[in-house]
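Have a look at the structure below, then the notes.
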Amino acid sequence: MKYKELLERYKNGSASEEEKLIIEQDMEKYEAIGEYLSDIMDEDFADLTELPEVEKNTDETIKLKKSVNKRLNKVVLTSVALMLSLVFIVFFIISPLVDSLYYNPSQVSVGKYDKDIDFDMKAIKELNMPGYTVGGVYVERKGFGAYEISYRYRNIFTDEDYRVSSKIKRGEIYATNQDSYDSIFMFWDIQRPNREKKYTDEKKERVLNHVKQLNPVSYVSAGITFENDLTMEELDNLESKYPEIQFMWAGIRTDLPDKEVMGLIGIQLLSSNEVHPDDGVEEKYRAFSLLKWLVNPVGSGNSDKPLKAQAYELHYKSLLQYVIDRKEAVDVIERRPWKNEFYQTALNYAEEHGVKTYGVLLFAEAKDLVKLIENEQIKLVEFNQALVSKRNIQ
């Protein structure tokens, strides 16, 4: 079998354990060669080009010096040529070949000019991290399938930033400092739907009493779960009914209400959605950017639903289809082998049952939150955090 065929088998996962071992040992070898060459090339090059001084005493000495210098020059040029050839092969042929076998966060293939990881992080984190945005992704290529990356989380409620640095090496991510927030600490009754009603009623009452004791203008972050799922049109109506409340993120139903689910996902709503400047991704995923689609609502004339409700549905499906298509990125960034199948199941459920929300993350003054809880069919309220008041009051 040709080595190229062996590499292809390794890349598509059909290589045997023995074949995998051969490829991985070769990768380690060439990576070590690359590191060695990087360390010694400048030093050795300088040593080779420093010719010894010979005292000029006689004609014979001069002739001898010329002869020795000529030979040394040939040796130097030959050595330099060999070293440069080796450097070229290792760094410009072997290293890129290894890069191509694994997830490459610095590649530009999704959009027109932004790195793929910019889109990957936005989609994955929006689906899984309510109340946070991610940005400022920096990638430094180290060669042989290795990269150093850093990115920034922003807590939308407090406006605090968290910087995360990680290393990706041949399809695996190693965090040097952990994500500040990598799972949903709300909507526990959705993951465990068979809890007694008494439990949720008592918890709701405790939280409501606590909020009532706050200053009426205290600014609260809370998760609320509805008694019954809302369609995107009903969610749009609820947002319109309470314009003083910021509805930030909606959890989307991925299975029947009485089923336990492995994970919770959702979308940022209009109050918190950000525009991604690169337009290329919308060619395949129409509403990857919620705001951009609302500006140019391609296909909206085919539905009689309100435009914002259509946008929410299409945005959710666009994000899901994106992460399904980016399986390699999901494997590396999320490190949860079951998530790819979960995303596909979630999309299938949405296509069959529609896009519905079981609850939302919202920011509101205490008095407005009390009003919503008492006037709407709310199953559970989960208190996250409170500030003295809203920020940036005009």
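Residue indices begin at 1 and follow the sequence shown.
Across all non-hydrogen atoms, the minimal contact from Val139 to Pro105 is CG1-CG, 4.0 Å. Contact between Glu328 and Tyr102 at its shortest, heavy atoms only, is OE2-C, 3.5 Å. When all heavy atoms of Ile124 and Ala329 are compared, the pair lying nearest together is CD1-O, 4.4 Å. Minimum heavy-atom separation, Phe187 to Ile224: CE2-O, 3.5 Å.
A donor-acceptor contact closer than 3.5 angstrom links the side chains of Lys125 and Tyr153. There is no side-chain donor-acceptor pair under 3.5 Å between Asp116 and Tyr103.
Look at Lys167 and Glu172 and you find no salt bridge, because none of the NZ, NE, NH1 or NH2 atoms lies under 4.0 Å from a carboxylate O. Between Asp331 and Lys327 there is a salt bridge, since at least one side-chain N of the basic residue sits less than 4.0 Å from a carboxylate O of the acidic one. Electrostatic pairing of Lys317 and Glu351 counts as a salt bridge here, judged by a charged N lying under 4.0 Å from a carboxylate O. A salt bridge does not link Glu233 to Lys308: none of the charged side-chain nitrogens sits closer than 4.0 Å to a carboxylate oxygen. In summary, Glu196 and Lys198 do not engage in a salt bridge, as defined by a charged side-chain N under 4.0 Å from a carboxylate O. With salt bridges taken as basic N to acidic carboxylate O contacts below 4.0 Å, none links Asp161 and Arg154. Under 4.0 Å is where a charged nitrogen must lie from a carboxylate oxygen, and between Lys305 and Glu313 at least one such pair does. Contact check on Lys142 versus Glu140 returns a salt bridge, with a Lys/Arg side-chain nitrogen under 4.0 Å from an Asp/Glu carboxylate oxygen. Electrostatic pairing of Glu148 and Arg141 does not count as a salt bridge here, judged by no charged N lying under 4.0 Å from a carboxylate O.
Under a 3.5 Å cut-off, the side chain of Ser318 and the backbone N or O of Ala287 do form a donor-acceptor pair. Panel note: side chain Ser272, backbone Met248; a donor-acceptor pair is recorded below 3.5 Å. Panel note: side chain Tyr312, backbone Leu270; a donor-acceptor pair is recorded below 3.5 Å. Formation of a donor-acceptor pair under 3.5 Å by the Thr357 side chain with backbone atoms of Gly251 is found in this model. With hydrogens and angles disregarded, no donor-acceptor distance shorter than 3.5 Å links the side chain of Asp368 to the backbone of Ala364. Under the 3.5 Å distance criterion, the side-chain polar atoms of Trp249 are left unmatched by any main-chain donor or acceptor of Met129. The backbone N or O of Tyr132 sits less than 3.5 Å from a side-chain atom of Gln268, completing a donor-acceptor pair. Not one N or O on the side chain of Glu282 forms a donor-acceptor pair closer than 3.5 Å with the backbone of Lys292. Looking at Trp293, its side chain does come within 3.5 Å of a backbone N or O of Val298 through a donor-acceptor pair. In this structure, Asn375 contributes its side chain and Lys371 its backbone to a donor-acceptor pair below 3.5 Å.
By the criterion of side-chain heavy atoms lying less than 4.5 angstrom apart, applied directly or through intervening Ile, Leu, Val, Met, Phe, Trp or Tyr residues, Ile245 is grouped together with Met232 in one hydrophobic cluster. In the hydrophobic clustering of this structure, Ile267 groups with Leu291; members are Ile, Leu, Val, Met, Phe, Trp, Tyr whose side-chain heavy atoms approach within less than 4.5 Å, directly or through other members. Cluster membership check: Leu362 shares its hydrophobic cluster with Leu235, using side-chain heavy-atom separations under 4.5 Å among Ile, Leu, Val, Met, Phe, Trp and Tyr.
Contact of the Phe342 side chain with the Arg336 side chain is not registered, since no non-hydrogen atoms from C-beta on lie closer than 4.5 Å. Within the 4.5 Å cutoff, the side chain of Arg253 has heavy atoms near those of the Ile190 side chain. You'll find the side chain of Val134 stays beyond 4.5 Å of the side chain of Arg152, heavy atoms only. The shortest distance between side-chain heavy atoms of Glu126 and Leu319 falls below 4.5 Å. Inter-residue side-chain proximity for Glu244 and Lys367 is flagged as unmet; no heavy-atom pair is nearer than 4.5 Å.
Here CG of Asp236 is found 10.5 Å from CD of Gln310. Values are rounded to the nearest 0.5 Å. With rounding to the nearest 0.5 angstrom, the CD atom of Glu234 is 9.0 Å from the CG atom of Asn228. Atom CD1 of Ile117 and atom CD1 of Ile149 lie 4.0 Å apart (nearest 0.5 Å). Atom CG in Asp255 sits 8.5 Å away from atom OG1 in Thr345 (nearest 0.5 Å).
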- Message: Determine whether Asp325 and Gln321 satisfy the following criterion, side chain to side chain donor-acceptor pair (under 3.5 Å), listing intermediate values before the conclusion.
- Response: CA-CA 6 Å; Asp325 291 344; Gln321 189 59 62; 3.0 Å; yes
- Give the C-alpha distance, both sets of side-chain angles, the deciding distance and a yes or no for side chain to side chain contact (heavy atoms under 4.5 Å, CB included) between Lys356 and Leu230. CA-CA 5 Å; Lys356 297 180 180 180; Leu230 303 184; over 6 Å; no
- Task: In sequence, state the C-alpha distance, the side-chain angles, and the governing distance for Glu334 and Tyr343, and then conclude on side chain to side chain donor-acceptor pair (under 3.5 Å).
- Result: CA-CA 12 Å; Glu334 295 211 52; Tyr343 287 138; 2.4 Å; yes
- Please assess Gln344 against Asn348 for the test side chain to side chain donor-acceptor pair (under 3.5 Å), listing each intermediate value before the final yes or no. CA-CA 6 Å; Gln344 184 63 65; Asn348 294 343; 3.0 Å; yes
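Phe226 is linked by a ring-ring contact (aromatic ring centres under 6.0 Å, His included) to nothing, counting only residues two or more places apart in sequence or in another chain. A search for ring-ring contact (aromatic ring centres under 6.0 Å, His included) contacts involving Tyr219 returns Phe157, not counting sequence neighbours.
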